Amino acid sequence: MRRIALAMASVLMLSACGSGGSAGQELSKDPVTLRFTWWGADERHKRTQQVIDLFQKKYPNITVKGEFKDWNGYWESLATTVAANDAPDVIQMDELYLSSYAERGALLDLGTVGKHLKTADFDKSALDTGVVKGKQYALPVGLSTYAIVANTDLLDQLKIKLPDDNTWSWEDLKKVGDEVSKAGGGKVTGLQSLGFEAGGVNIWARQAGAALFDANGKVAVPPEVLASYWTYIRDLAKQGVTPSPSVTIERAGGSLDQSGTATNASVFATWWNTQLSSLTTASGAKLKLLRLPGETQAKSPGAYFKSSMYWSISSRSKHPAEAALFVDFLANSQEAADILLTDRGVPANKKIRAAITPKLTETDKAAAEYLDTAKVGQAPRVTPNGASDLEAIIKRHTEEVLFDRETPEQAAKSFITELQAEIDGA
């Protein structure tokens, strides 16, 4: 359904390309209404509305109407509104979908509204994560990096020592996970299963000296690397280090609050570092961020910085100047930062990041410290146009492997063929 809506959007947008960007950069003195869409949980909605209220107080002729949904419904809704020429003015964008929308002409080149949207306090490397074919279609909101989250309360209860994350391997993670599962008596497993999002695949490929995509956007990961990834995931399940496949699939389809980490049902799990606070609140436990396994044994660093999300502006916005002014307020104002803090990630804006650090909670400070001390390599290529279903494809093949309907080798071959077909057909 999403692919159908995006296909419709491509026809509509290509024929109307530049209609929003052709408008001047002057602010209107008349009343203006902007629509702003984002995904997230209740806490994000509350914080975002507070920022909207502050912006409207500062600019009384601009009204901002919020449209928010959970992740699962967000992209279908956005694709439908874009296809209907009714896209929101300001869009919370994700890396998985950036190329798809940018290359279809659905997003405004932010360089055309530089009068109202300043980027001087962003590192070029951060800004480059929002560049598609040489144009700045998205402004990174926050930065994050992959981590292992460990429940130290459960480790203490089970009398199991926290592993040394400076030197550990994926085999070490499996061993300590097995120890946890055996001590947990069926109530706690060592590890929450991998294999349901792109971060894990990227890390595994990068540590093997490979990449998921090449510079031209073609699928480049060797099948044997993918096969080893799914072999590891399958072995974890068969050894009882992760929950049974049925439990794993159920949790993977739920929200963060239903995860093994949030429900204190798994001791270790892969997460983005900026999710630490939400996981701590949900679990009520003491959690610790650990460095990724396998980094000291890897051919190249697996860890990388990822934009938690972006701000984008619709190319069809009738008010691009006002939309840019609002994005500038979201990204650069101290007032907004004091409310949002790290809800959307550790700020990519260096000045803002330094300003809010003393105000952060213990877990948010831990997330920021992890980001500052992480040893990372160059970020992967932005997910190419046509590959926005990447995580759905990963998830499907992980399920097939867990239920023994595919071998890891079959999953790897099918994954590459299917994902490349999606890109070629875009």
Side-chain angles (χ1 to χ4, degrees), residues 38-52 66 68-74 92 94 141-158 162 165 180 184 187-194 196-197 199 243 247-248 250-291 306-309 330 336-347 352-353 356-372 374:
W38 69 89
W39 71 82
D42 288 344
E43 182 61 26
R44 176 172 296 167
H45 304 335
K46 293 176 183 176
R47 289 175 184 265
T48 304
Q49 187 58 54
Q50 291 178 50
V51 172
I52 290 173
F68 52 86
K69 296 176 177 62
D70 63 24
W71 171 269
N72 292 329
Y74 181 83
Q92 185 173 293
D94 185 77
V141 178
L143 298 177
S144 60
T145 190
Y146 220 47
I148 296 289
V149 173
N151 187 319
T152 55
D153 281 349
L154 286 175
L155 285 174
D156 290 343
Q157 291 173 24
L158 298 173
L162 186 72
D165 66 337
V180 168
K187 295 182 179 179
V188 177
T189 58
L191 184 62
Q192 178 176 278
S193 184
L194 293 75
F196 294 91
E197 41 72 54
V247 171
T248 285
E250 181 181 358
R251 290 178 182 168
S255 65
L256 178 147
D257 291 350
Q258 297 169 296
S259 67
T261 303
T263 58
N264 296 298
S266 295
V267 168
F268 299 100
T270 52
W271 292 95
W272 297 99
N273 68 307
T274 49
Q275 294 174 297
L276 180 65
S277 292
S278 295
L279 291 165
T280 299
T281 298
S283 68
K286 186 175 181 180
L287 307 177
K288 183 176 178 60
L289 292 168
L290 303 180
R291 296 175 182 85
K306 176 184 181 294
S307 177
S308 56
M309 58 198 69
L330 289 168
D338 287 341
I339 294 172
L340 297 176
L341 296 175
T342 59
D343 178 72
R344 286 181 168 90
V346 177
I352 292 297
R353 184 163 69 238
I356 69 168
T357 297
K359 305 172 185 179
L360 300 181
T361 64
E362 181 180 350
T363 51
D364 283 342
K365 285 180 180 178
E369 180 181 351
Y370 184 89
L371 187 73
D372 290 338

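Please read all numbers here as calculations on a predicted model, not as lab measurements.
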### Value rounded to 0.5 Å, distance of CD in Q192 from CD1 in I148
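Rounded to the nearest 0.5 Å, the CD-CD1 separation comes to 10.0 Å.
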
### Query
Could you give the distance from CZ (F68) to CD (Q92), rounded to the nearest 0.5 Å?
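One finds 12.0 Å between CZ of F68 and CD of Q92.
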
Using the salt bridge (Lys or Arg N to Asp or Glu O under 4.0 Å) criterion, which residues pair with [X]? Sequence neighbours excluded.
| X | value |
| --- | --- |
| K359 | D338 |
| R251 | none |
| R44 | D343 |

### Query
Do we see a donor-acceptor contact under 3.5 Å between the side chains of T261 and S259?
no

#### Entry: Residues which pass ring pair (Phe, Tyr, Trp, His ring centres under 6.0 Å) with W271, listed by chain and number, not counting sequence neighbours
none

#### Entry: side-chain contact (heavy atoms from CB on, under 4.5 Å) against T248, all qualifying residues, sequence neighbours excluded
S193, F196, P243, L402

### Query
Does R291 use its side chain to pair, donor to acceptor, with the backbone of D165 at less than 3.5 Å?
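Not confirmed, R291 side chain does not pair with D165 backbone.
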
### Message
Tell me whether D153 contacts the main-chain N or O of D156 through its side chain, where contact means a donor paired with an acceptor under 3.5 Å.
### Response
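Not at all, since once roles are kept as given, no pair shorter than 3.5 Å links the two residues.
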
### Task
Please name all residues satisfying side-chain hydrogen bond (donor to acceptor under 3.5 Å, both in side chains) with T342, sequence neighbours left out, ordered by chain then number.
D364

#### Entry: Option passing side-chain hydrogen bond (donor to acceptor under 3.5 Å, both in side chains) with R47 (candidates E43, Q50, H45)
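Answer after filtering E43, Q50, H45: E43.
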
